[in-house]
Each structure stands twice: as structure tokens, then as C-alpha cells.
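This report concerns only the one structure given below.
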Amino acid sequence: MGHVTIFSGAFGSGKTEIALNFALERAGQSKYNKVLLADLDTANPYFVARDARDMLEAKGEKISIIAPVRELAQADVPNLPVEIIGLLRTDNEMVIDLAGDKFGALVLGYISGHIRARENYDMYLVINPFRPFSSSLDEVMELSNLLERAGKIKFTGIISNPNLVEETTADLIKEGHRRVVGFATKLKIPVAYLAVESKHYQELYPEYGSSLKQIKLFLRPDWIRGF
Amino acid sequence: MKKVFQKPESLTDAKNHYCPGCSHGIIHRLVAECMDEMNIREKTIGVCPVGCSVLAYDYFNCDMLEAAHGRAPAIATAIKRLLPDRFLFTYQGDGDLASIGMAEIVHASARGEKITVIFVNNTLYGMTGGQMAPTTLLGQVTTTSPYGRKAENEGYPMKMAELLSSNEGSAYICRTAVNNPANINRTKRAIKKALQVQEKGLGFSMVEVLSACPTNWGLSPLDGMKWIEDNMIPYYPLGEFKVKEEQ
Amino acid sequence: MAKGRVKFFTDRCKACGLCIEFCPQDVLGFDEHTINTLGYHPIKDLKPELCTGCAICGVVCPDLVIEVERE
Amino acid sequence: MERVLMKGNEALAEGAILAGCRGFFGYPITPSSEIAEYMARKMPKIGGVFVQAESELAAINMVYGGASTGARVMTASSSPGLSLKQEGISFIAEAELPCLIVNISRGGPGLGGIQPAQSDYFQATRGGGHGDYHTIVLAPSGSQEMMDFAMEAFELADKYRIPVMIMAEGTLGNIMEPIIMREPVSKFIEKPWATTGCKDRKPNIVNTLHLGNEELENRNHQLFNKYQIINENEKRADTFLVEDAELVVVAFGIMSRIVKKAVVEARKQGVKAGLVRPVTLWPFPDEHIRTAAKNARLFLSVEISMGQMIQDIQLALAGSVPVEFYGRIGFTPNPEEILQEILRLAEREGL
């Protein structure tokens with residue numbers, strides 16, 4: 001059975017961008033025909049993985065985005081793609097992008113039985129310590145407990161994603177990452193990797209080495225930069 | 001000789017605009033007497049409706065607001081939440097409370113808002129000239145039910161006290177009438193109890209008062225009182241429907 | 001000597017007559033010789049000597065016309 | 001200075017809290033719900049009130065009640081919800097109750113869609129409900145302004161005893177940007193008119209009923225005298241490269257940022273383009289428009305609507321310069337699209 005990788009975290013933690021990057025990375029390596037990226041963000045259809053669908057398909061990437069059907073893709077109804085359960089029971093490599101907070105927990109609770117039935121899965125908690133409700137240990141613990149309880153799945157790793165989008169600096173990443181490592185130690189969950197935009201990769205590589213992963217932003221509009 | 005009956009301090013000196021024999025004047029006075037007796041005039045904020053009592057802010061001698069039609073419970077909710085030690089009452093008619101303001105009253109009750117609602121049921125829209133209300137009795141002729149209200153066409157009169165008493169948030173729900181001195185005194189006791197329930201923070205309280213609208217009923221004031229007795233009370237039974245005790 | 005006494009703010013009276021009807025002693029009646037500022041014949045204690053000061057007239061009055069005193 | 005990464009909706013909610021807002025009354029609707037959710041989490045912890053109302057009508061009337069106590073209170077919704085709130089907004093405007101009303105707007109008419117839109121411009125700037133009245137309308141263009149305008153909105157509301165509306169497209173509510181957290185407001189003006197219980201004073205009345213002819217007319221004159229003062233003092237706009245501009249683009253909210261990109265590109269290609277960005281939609285910054293018209297041969301209004309603000313631009317210019325329109329619904333025009341339109345018009349006009 002192919003690996004299932006679940007990305008979870010607070011609203012706006014960056015999990016969708018990270019899931020897209022992860023799926024693309026796997027698409028190059030996976031033995032499966034296509035990596036399935038399940039977009040389960042039922043909370044709010046602004047800036048969701050399905051927005052990148054056409055672009056990825058056009059580029060011929062080995063990725064298939066499982067998301068609500070087209071006319072519902074822009075609706076704010078909880079439209080879990082119907083095929084998700086079936087796909088979880090067949091042999092695929094899957095990347096699952098959950099909604100933030102309680103919405104994500106609800107969806108996870110619904111499908112977790114099928115995930116646990118598979119032997120190899122990872123569930124990551126994406127943390128940006130510069131976001132409200134995930135800037136302190138108490139808040140991160142509350143979120144982690146909520147998601148683990150509802151989903152009946154334990155986190156296997158934390159993805160550190162400290163950033164202030166366009167205003168991110170190397171020093172800011174370092175400071176944020178220190179905080180995330182602090183949370184991870186208290187939560188007794190290992191840090192899987194530190195995600196940074198490509199432009200910071202070279203500068204930070206000497207310090208973080210292979211625990212660093214560079215990501216590209218797919219959903220952020222260009223026009224927001226510089227003004 | 002000592003004074004045994006006089007204008008309560010919680011009413012202003014303004015002459016009310018109500019028709020001769022209209023029950024609003026009596027009910028205003030009962031609310032005000034309770035405010036006097038509980039010494040809460042300076043802590044009370046009232047919200048009046050759209051309806052004949054739209055000008056009630058001129059008559060109550062306390063802070064008052066005039067609400068949009070039906071919305072008094074929403075307004076009172078916010079004030080009470082922001083100023084929890086004040087007394088809030090809404091004063092609403094049957095069109096205001098049971099028709100256009102149905103959602104507001106049901107949800108204020110469901111939330112257990114610690115406010116007191118004075119619900120004046122006179123079976124029709126008095127202000128606009130006697131149109132059918134949710135509480136208009138079967139067979140009753142109004143300007144918009146000229147052949148008498150029929151269940152097949154206009155449905156059944158709504159029993160708001162019974163309906164709201166099913167809400168867990170309702171702490172005190174009572175129906176009274178003002179058709180004779182004994183019932184007027186009972187109404188006053190009910191209003192006072194409702195305000196005391198609010199004071200104890202037990203939840204939502206409402207007194208539905210069966211009242212006369214002699215003008216739109218086309219009756220003399222005295223016949224209006226009899227009409228309450230003969231036609232309203234049989235359909236709208238008097239009594240306490242919900243009394244939540246202190247824990 | 002009457003035990004009670006009623007005082008009227010006659011300019012508030014709308015002559016609905018409820019006080020007259022409910023007065024147990026038949027003390028009250030309309031003052032046919034007066035028209036108040038509202039245009040009505042206001043009420044009057046036609047038989048003041050019978051008043052017991054029970055205040056029922058005040059209780060049923062919608063217009064705050066009446067004050068009642070008692071011994 | 002603490003910097004945090006916030007969605008526009010969160011920044012607005014936090015800004016309101018920093019401004020001393022202690023009452024939020026709302027009803028869920030996409031794409032504004034994060035504001036309510038943020039408030040639901042925060043209000044109980046700071047001694048504030050959060051009530052999820054049974055309807056938009058109840059929510060806006062709770063704002064009416066809440067504002068009448070003198071507290072800083074608000075509601076937030078999105079376009080269809082704003083339609084339902086119009087009754088209450090008319091009452092609040094007449095009763096002169098200060099409050100904040102937020103429209104994280106989406107496309108219509110009807111249910112429309114939840115895509116960002118600016119098609120509530122008329123509703124927002126013409127009063128929206130029954131009767132003659134206005135609300136001050138602020139149109140932020142980024143997360144920082146969502147916070148800052150929320151704070152300013154309460155100041156303006158209290159100063160003029162007027163409901164202030166913030167209108168922001170759904171995109172702005174949902175996009176994340178780094179912002180500087182502001183200091184909480186500590187000074188508030190007295191509100192002797194508030195209905196808080198009449199201890200040691202005469203009763204206060206909050207009322208919107210004026211039955212006498214003269215009373216009603218006087219009341220409207222009073223309101224419009226106030227609107228005149230606001231009109232004189234509170235018009236705001238940002239201008240960009242308008243000094244020598246031959247083609248002036250006008251856009252507000254998130255569109256203004258997109259247009260700015262296009263204007264920079266157009267300049268590179270030799271077209272003297274400029275941008276006027278109305279910050280206040282009411283009062284409309286007509287003087288800024290007229291100033292920008294000094295060298296202009298053409299104006300272009302870019303909106304996410306079928307063309308609404310264009311009428312205010314035309315009124316401001318009073319026929320002196322023609323005004324073109326470019327707009328879409330369901331899509332947010334991108335910089336490239338607007339650049340093409342600017343170039344097309346420039347070529348047509350020989351600019």
C-alpha cells in the first residue's frame with residue numbers, strides 16, 4: 001500500500017502550500033502512476049489546493065487533485081469529495097490536505113478509521129509561530145490535542161513553517177524555528193523538517209542542512225508582493 | 001387620610017395617547033408600580049415596540065429605547081449582556097412579538113436571556129387599524145379577515161405562552177388578563193415575579209397579558225372587558241406555564 | 001363620614017367608564033356639566049359619602065385619573 | 001513592535017478588540033465568518049460579549065442595543081447578510097448610535113457566489129436602507145489596514161455618532177499578510193446620551209420616530225448637517241503618479257493594489273497612467289478625483305462589479321473628462337488584464 005501523508009494545523013499555518021510542494025516532490029519519486037492530493041479543506045474555499053489544479057494538470061505533473069467537483073469547488077458547503085473513502089481503501093500514494101482547526105478535526109474523525117487501517121502513514125502538524133492561536137505552547141497543545149482526539153491519529157511529526165510571507169528574513173526564520181522546536185520538545189513530537197521559501201534556502205542550508213526543505217508558493221497572488 | 005393609590009414614580013406625567021378603555025394604560029401602570037416597589041427605576045431600561053405602544057418611551061420614567069418592529073428582544077439581549085446588573089424589559093404587542101418578531105422572541109427565550117417581556121395580546125394589530133394578528137381568534141372579524149378568521153385559510157391563533165414555556169431557557173412564563181380588578185392584581189403579581197426572576201438571574205421571563213382593544217373590536221370599554229372573559233380566556237387559559245425555581 | 005376619598009385629575013379622563021362600572025359602592029358617575037380638555041365628560045364622585053377607599057377605581061383606570069386616600 | 005501573520009479577517013477582529021470593542025453580534029456567512037470565530041474565541045477572555053444571533057436582523061438589532069449602552073460594538077457579515085441588516089442600519093443611523101458594521105463582500109445578486117466582489121458599492125454608499133442617511137464607508141486594501149481601519153472606524157463612529165462600515169472584498173478577508181500589532185486604545189469619549197439606567201440624571205431615550213412634519217424635516221436637516229461636516233473633513237484617498245497622468249485609473253480596496261501594478265507597467269511602456277484610490281467610499285473623495293484630472297484625457301474605473309463607483313467619478317468630474325469602465329464579476333481582474341485595457345485605451349486616445 002502506498003504511503004498516506006496528512007497535513008494538518010491551524011488556519012493559515014501554510015499546510016496547503018506545504019502539501020502541494022510535498023505532493024510535487026513525491027510525484028517525481030513515487031512508483032505509483034499519480035500521487036493523489038486530497039483537498040479536504042471544507043471550511044472555506046479561499047486559497048485551497050484545488051485552485052492549483054488547472055496549473056498542475058497543464059504542467060503534466062504526476063498529481064491528481066481530489067477535490068469537490070467543479071461546480072462545488074467554489075461553494076462553502078462541506079463537500080467532502082465522495083471518492084476519498086474508496087481511494088483510501090485502494091493502493092495509492094496519497095497526500096491529504098485537511099482544513100484548519102475543528103473543521104479539519106471533523107473530517108479527520110470521519111476518515112481516520114480508513115487511514116489507520118493502512119500501515120504506513122504520517123500525520124504532520126504544520127506550525128507557523130507567527131500566526132494567532134499557534135504562537136504559544138498552550139495554543140499549540142490545545143490544537144494538537146483537539147486534532148489527535150478527534151482524528152484518533154497521533155501526530156508523527158511537526159513541520160516548522162515560520163514566516164511572515166513577503167517580509168520573511170533568515171533571522172525571523174531562525175527565531176521562529178527555535179520556538180517551534182521548543183513546542184515540539186514539550187509535545188514530544190519530532191520536527192520532520194523546516195520549510196522555507198526557495199530564496200532563503202541557500203543562506204540557511206549551512207545551519208540546518210538536510211532538515212531544511214525549500215517550498216514554492218502556488219496560491220499566493222503575484223500582485224500582493226511589493227505593495 | 002393617607003394616600004393609598006397614586007401615579008407611580010416610574011411613569012412620567014405625560015398623558016397617554018391610548019383610546020378610551022384601552023388596556024395599555026393599565027399595563028404600563030402595573031409595570032411602573034413593580035419598578036417602584038422594587039426600587040429599580042434607575043436601573044431599568046425598557047424597549048418599546050412598533051405598535052400602539054410605540055410611544056411608550058414618553059410614558060415610562062426610565063431609560064427607554066424604541067425598537068424596529070419585532071426586534072425588541074434582540075436589542076434587550078445586547079444591553080443586558082453588556083450591562084448585566086440592569087433590569088431590561090421589552091413591551092410588545094401580538095403582531096410585534098408573535099409575527100414579525102417571532103424569531104427574536106423565540107431565540108431570546110431559548111438563550112435564556114435574563115430579560116422580562118411584557119406581551120400585550122389583544123388579538124389584532126391596533127396601531128394600523130385592526131388587521132389580523134397571529135393571535136386573532138377563529139371566526140374573529142378583522143379588516144384583513146373580513147369574513148372571520150378561518151383555520152383553513154389563516155391557520156390557528158398562536159399560543160405564545162405555551163410555545164415559549166417549552167424552551168429550556170424560559171424561567172417564568174405566565175398568562176394573565178386585565179379584564180377585572182382581581183385579574184389586574186394578578187397581572188401585577190406576575191409582572192413582579194417576572195422581574196424577580198430576572199433579578200435572580202434564572203432566565204427569560206414573560207407575562208402575556210390578555211388585553212382589550214375596544215376601538216378595533218367595536219365595543220364599549222366595558223363590553224371589551226367582557227369580550228376578554230367570554231372569548232379570549234377560553235382559548236388562552238390563564239395561569240403560570242413555567243416556573244423555574246432557584247437551584 | 002366616608003372612609004375613603006378620591007381625587008381626580010379630570011383632564012386625563014377619557015370617560016371610558018371602567019371605574020364607574022367596577023366601583024363596588026356606586027360612588028362614581030360622569031360629570032355631565034363639564035367637558036375636559038380631551039373633550040369628554042370626566043368622571044366625578046357623585047356620592048362621595050359612600051367611598052370606602054378600596055381603590056378599585058384607580059386599579060381599573062387606564063389613564064391615571066384617580067388618586068385614592070383612605071383612613 | 002510585534003509582527004504577526006494575519007488573515008485580513010483576523011486583523012480586523014483584533015483591531016476592533018484593540019479599539020475597545022467589547023460586543024460582537026453576528027450570524028455566520030462566508031467569507032466573513034472568521035471574524036465571528038475570532039471574536040467567539042477572544043471575547044470571553046477579555047470580559048467582552050459575543051452572541052451568535054438567530055439572524056442578521058437580530059444581529060444588527062443587537063448592535064443597536066449594544067451601541068445604545070455606550071459600549072463599542074460591532075457586527076460582521078457578507079453581502080446577502082448586509083441586505084438583511086439594512087433595516088437595522090437605517091435605525092442605527094437615525095438614532096445616531098456609533099458602531100462598526102463590516103461587509104466582507106461577495107458577488108451577487110441573490111446568493112450569487114462567495115467570490116470576492118465590490119458590487120455592494122451602491123448599497124454601502126447610498127445608505128442602503130430606507131430613508132435619507134449615510135454611513136461612513138472605509139475600504140481597506142490590506143491586512144494592516146484591516147486592523148488600522150477597524151480602530152479608526154470606532155473613533156469616527158464615536159466622534160460623529162454614526163455607524164461606520166468597513167467594506168472589504170472576500171479576498172482581503174482571507175489573504176494573509178504580516179502586520180504590526182497596534183497599541184490598545186485607552187481614551188474614550190463620554191457618551192452622556194447612552195441608555196444605561198437613569199441614576200442621578202433624567203431618563204435617556206433612544207428613538208427614531210418623529211411623527212410631526214416639522215420635527216421629521218428638522219431631524220433630517222440635523223443629520224444632513226452632520227453629513228456635511230463629515231463630507232468636509234473626512235474624505236480620504238491615496239494617489240499614485242497622478243501629477244502628470246493622462247489616463248487616471250480609479251480603484252478601491254484590493255483592486256487598487258492590483259491596478260497599481262498595472263499602472264507601474266503602463267508607465268514602463270510609455271503611457272502616463274496614474275491611480276486614485278478612494279479610501280473613504282462615503283464621503284467620496286471627489287476633490288482628489290478633480291485634482292487628478294488636471295492633465296487627464298481619460299479616466300478608467302476598475303471595479304469587481306458591473307460598474308457602480310464609476311457614477312461617483314462621473315459626478316465628481318461633471319462631464320469634464322470622459323470615464324471608461326472595466327470590471328468583472330466572479331473573477332478578480334489581474335494586473336496583466338488591466339494593463340492590456342490601459343494600453344488599449346491609450347492607443348485609442350493616442351496617449
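Numbered from 1 within each chain, the chains take letters A, B, ... in sequence-line order.
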remark   = When every non-hydrogen atom of D:Ile258 is compared with those of A:Trp223, the smallest separation belongs to CG1-CD2, 3.4 Å
query = Where is the tightest heavy-atom contact between A:Leu164 and D:Pro178, given as atom of each residue plus distance?
reply = O-CG, 3.2 Å
query = Is a donor on one side and an acceptor on the other found under 3.5 Å between the side chain of A:Tyr46 and the backbone of D:Leu172?
reply = no
Side chain D:Arg3, main chain A:Phe130, donor-acceptor under 3.5 Å = no
inquiry  = Please determine whether the number of non-hydrogen atoms from other residues, nucleotides or ligands lying under 6.0 Å from atom CD of A:Glu25 exceeds 12.
reply    = yes
message = With a 6.0 Å cut-off (strictly less than), is the heavy-atom count around CD1 of A:Ile85, excluding the residue itself, greater than 12?
response = yes
query = How about A:Lys174: does its NZ atom have over 12 heavy atoms from other parts shown lying under 6.0 Å from it?
reply = yes
ask   = Is A:Tyr201 atom OH crowded by more than 12 heavy atoms from other residues, nucleotides or ligands, each under 6.0 Å away?
value = yes
key: Exercise: identify the closest heavy-atom pair between D:Met6 and A:Pro132   = CE-CG, 3.6 Å
query = Which is it for D:Glu37 and A:Phe11 under the side chain to side chain contact (heavy atoms under 4.5 Å, CB included) test, yes or no, and what are the steps along the way?
reply = CA-CA 11 Å; D:Glu37 287 164 353; A:Phe11 282 125; 4.2 Å; yes
key: A:Pro221, part contacting chain D, at a heavy-atom distance under 4.5 Å   = side chain
task = Identify which part of D:Glu336 has an atom lying under 4.5 Å from any heavy atom of chain A, answering side chain, backbone, both or neither.
result = neither
task = Mark yes when over 12 heavy atoms from residues, nucleotides or ligands other than D:Tyr27 sit less than 6.0 Å from its OH; otherwise mark no.
result = no
ask   = For atom OH of A:Tyr110, is the number of surrounding heavy atoms from other residues, nucleotides or ligands below 6.0 Å larger than 12?
value = no
message = So which residue, D:Ser33, D:Gly170, D:Gly142, ends up with the most heavy-atom pairs under 4.5 Å with chain A?
response = D:Gly170
task = Locate the shortest heavy-atom distance separating A:Arg220 from D:Ile175; write the atom from each residue and the value.
result = NH1-CG1, 3.9 Å
message = Using a 6.0 Å cut-off, check whether atom NZ of A:Lys199 has over 12 heavy atoms from anything other than its own residue.
response = yes
task = Between chain A and each of D:Ile254, D:Val4, D:Ile114, count heavy-atom pairs under 4.5 Å; write down the option with the most.
result = D:Ile114
When D:Thr171, D:Thr332, D:Asn334, D:Ile179 are compared by non-hydrogen pairs under 4.5 Å with chain A, the top option = D:Thr171
key: Part of A:Asn128 lying under 4.5 Å from any heavy atom of chain D   = side chain
request  = Side chain from CB out, backbone as N, CA, C, O: work out which of these in D:Glu34 comes under 4.5 Å of a heavy atom of chain A, or both, or neither.
outcome  = side chain
inquiry  = Can you tell me if A:Met55 has over 12 outside heavy atoms packed within less than 6.0 Å of its CE?
reply    = yes
